[in-house]
Amino acid sequence: MVISVFVAFVVGGLICTIGQLIIDVFKQTPAFMLSLFVVIGSVLDGIGLYEPFIDFAGAGATVPITSFGNGLVHGALKEAEQSGLIGVVIGMFQLTSAGITSAIVFGVIGALLFKPRS
Amino acid sequence: MRIMCLTIVSLFLLTSCQADTDTPFNQQLKATYPDIHVVESIVTDDVIYVAMIIKPLKQFSEQKIAADIKKDLGKKYPNHLVYTSSDMKATIEVRKQTSPLTQERLNQLISYDQSIEKDD
Amino acid sequence: MKTDTIKTIAKKHDPKRPLAKNCLMSFIFGGSLCALGQMISLFYLYFFDFSEETVGDPTVATLIILTMFLTGWGVYDKIAQVAGAGTMVPVTGFGNAVISSAIEHRNEGFVLGVGSNMFKLAGSVIVSGVFSSFVIAIIKTLLA
């Protein structure tokens, strides 16, 4: 069970290294790299490879931003199974609300608690 | 630096903490299915519930492995209802289970069986 | 012809990026963040009612709360200078982008300052994510 921590370390590290290579070798901006990773996450879940990847790497696959793309596609497909094509727009944010909601909520709380440093 | 060494050492110590020796049923499961890393099972008169953690390198296909084992055990024990789960949560819950199994508890454990189609 | 000369001059003055060191640092810091995430996941698996499928949500939420404190105290930016992509790729990088913009613009008021500036970086991530997921989900549903 504890070995999952080491697997998460290695896999997460590798994904971040690929991101670093995209920024340094292909000379792209961070925003481009992050958007690319989210799209990659979506594509991998469309193929059906991301869920087994989460089984393998645990947090190494759910912590990087790629899991965002996975959550979006997963929610969309789940709802589409039940409601048909319109389900794609209905279900998209059902599984990803954790990340976005926390970022917004704690952004506001952070702005209340902390002073700007510049 | 020292804190990092302490964390790594304590993690190694934790990995060496195995559960108490396996029951004969668990030992038999481990011998028959070499992909299993850790297994906990509950066997009653009508139900067999096997919670397993698959070996790390094989975890990519862990749900398929658990489904195959379920089919296999279903053939071996036709008079029992067989459920399997590769979810780590199932192993944790089965380890915590010391009192006899209630239907409610069984239903909760069955929810970790990923090969069953869930009707939402 | 002039553009070629400008390009060669620009290439000469391109800041040298220590590629190997950057990659090593992102590996270590990114891996550590994910390892921390895995420990948080194990905590939630043991003590709460989450299964391996659903434990990603509280893990992400906890990491973002942690990011709020690190960003507010100025620690996250110092780590980000060393770690590069190791702090951008995990969801904590997303959280840091949103939270640091929120904190910086708080003097402009909550609705106009905080509200409209929060999603400068996150916006492109969310837009590309949602649109690509829409296309992929539609294709997959039509093919099935």
Side-chain angles (χ1 to χ4, degrees), chain A residues 1 4-6 8-17 19-21 23-25 30-31 33-35 37-39 42-43 46 54-55 58-60 62-65 67-69 72-73 76-77 80 85 88-89 92 98-100 102-104 106-111 113-118, chain C residues 17 19 22-23 26-35 37-42 56-61 63-65 68 71-72 74 84-86 88-91 93-95 98-99 102-104 106-107 110 114 118 121-122 124-126 128-130 132-134 136-141:
Chain A
M1 216 175 286
S4 59
V5 178
F6 294 105
F9 178 83
V10 171
V11 174
L14 282 175
I15 298 183
C16 294
T17 314
Q20 184 71 42
L21 285 171
I23 292 184
D24 278 346
V25 173
M33 184 265 290
L34 291 179
S35 308
F37 270 21
V38 179
V39 173
S42 306
V43 171
I54 295 181
D55 283 337
T62 56
V63 168
I65 202 88
S67 75
F68 206 63
L72 291 169
V73 171
L77 288 177
L85 215 54
V88 170
V89 279
M92 196 164 288
I100 302 186
S102 331
I104 296 178
F106 294 105
V108 174
I109 296 180
L113 290 178
F114 297 103
K115 288 195 287 267
R117 280 165 300 111
S118 40
Chain C
R17 305 167 194 237
L19 185 63
N22 281 349
C23 286
S26 6
F27 182 84
I28 292 179
F29 281 96
S32 312
L33 269 173
C34 292
Q38 183 66 21
M39 287 192 261
I40 296 176
S41 295
L42 288 174
D57 292 333
T59 308
V60 162
L63 282 174
I64 292 188
I65 297 178
M68 177 183 78
T71 307
M88 281 188 243
V89 169
V91 72
F94 178 80
V98 173
I99 295 172
I103 295 178
E104 257 179 66
R106 80 170 205 165
N107 292 323
F110 269 88
V114 173
M118 257 171 130
L121 169 72
S124 48
V125 170
I126 296 181
S128 37
V130 170
S132 59
S133 305
F134 174 77
I136 290 170
I138 295 268
I139 294 178
K140 189 128 197 248
T141 317

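Side chains included, hydrogens not; waters and symmetry mates left out as well; all remaining heavy atoms used. Chain naming here is simple, since letters A, B, ... match the order of the sequence lines and numbering starts at 1 in each.
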Please rank [options] by heavy-atom pairs under 4.5 Å with chain C and give me the top one.
options                            : value
A/Val11, A/Ile104, A/Ile15         : A/Ile104
A/Asp55, A/Ile54, A/Ile65, A/Thr62 : A/Ile65
A/Gly99, A/Gly12, A/Pro64, A/Ala98 : A/Pro64
A/Val63, A/Val10, A/Val38          : A/Val63

State the [atom1]-[atom2] distance between [X] and [Y], to the nearest 0.5 angstrom.
X        : Y        : atom1 : atom2 : value
A/Phe114 : C/Ile103 : CZ    : CD1   : 6.0 Å
C/Met88  : A/Ile23  : CE    : CD1   : 4.0 Å
C/Ile28  : A/Thr17  : CD1   : OG1   : 9.5 Å

Relative to chain C, which segment of [X] carries a heavy atom at a distance below 4.5 Å: side chain, backbone, both, or neither?
X       : answer
A/Met1  : both
A/Val88 : side chain
A/Val89 : side chain
A/Phe68 : side chain

Nearest heavy-atom neighbours spanning [X] and [Y]:
X        : Y        : answer
C/Ser132 : A/Ser42  : OG-OG, 3.7 Å
C/Asn107 : A/Pro116 : ND2-CG, 3.8 Å
C/Ile136 : A/Gly46  : CG2-CA, 3.8 Å
C/Ala102 : A/Gly107 : CB-O, 3.5 Å
C/Cys23  : A/Leu21  : SG-CD2, 3.6 Å
C/Phe94  : A/Ala103 : CE2-CB, 3.8 Å

Requested in this report: List in chain and number order the residues that pass side-chain contact (heavy atoms from CB on, under 4.5 Å) with C/Val130, two or more places apart in sequence or in another chain; answer none if no residue qualifies.
Outcome: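 A/Leu72, A/Met92, A/Phe93, C/Ile126.
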For chain A, find which of [options] contributes the most heavy-atom pairs closer than 4.5 angstrom.
options                              : result
C/Leu121, C/Val114, C/Ile65          : C/Ile65
C/Asp57, C/Ile40, C/Val60            : C/Asp57
C/Ser124, C/Gly129, C/Gly72, C/Gly74 : C/Gly72
C/Gly95, C/Ser41, C/Gly56, C/Ser32   : C/Ser32

Tell me, for [X] versus chain A, whether the close heavy atoms (under 4.5 Å) come from the side chain, the backbone, both or neither.
X        : value
C/Phe110 : side chain
C/Met118 : side chain
C/Val89  : both

Query - Side chain C/Gln38, main chain A/Ala59, donor-acceptor under 3.5 Å - result: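 Side chain of C/Gln38 to backbone of A/Ala59, a donor-acceptor pair under 3.5 Å: yes, one is there.
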Query raised in the report: Hey, mind stepping through A/Leu113 and C/Met68 against side-chain contact (heavy atoms from CB on, under 4.5 Å) and telling me if it holds?
Result: CA-CA 10 Å; A/Leu113 290 178; C/Met68 177 183 78; 4.1 Å; yes
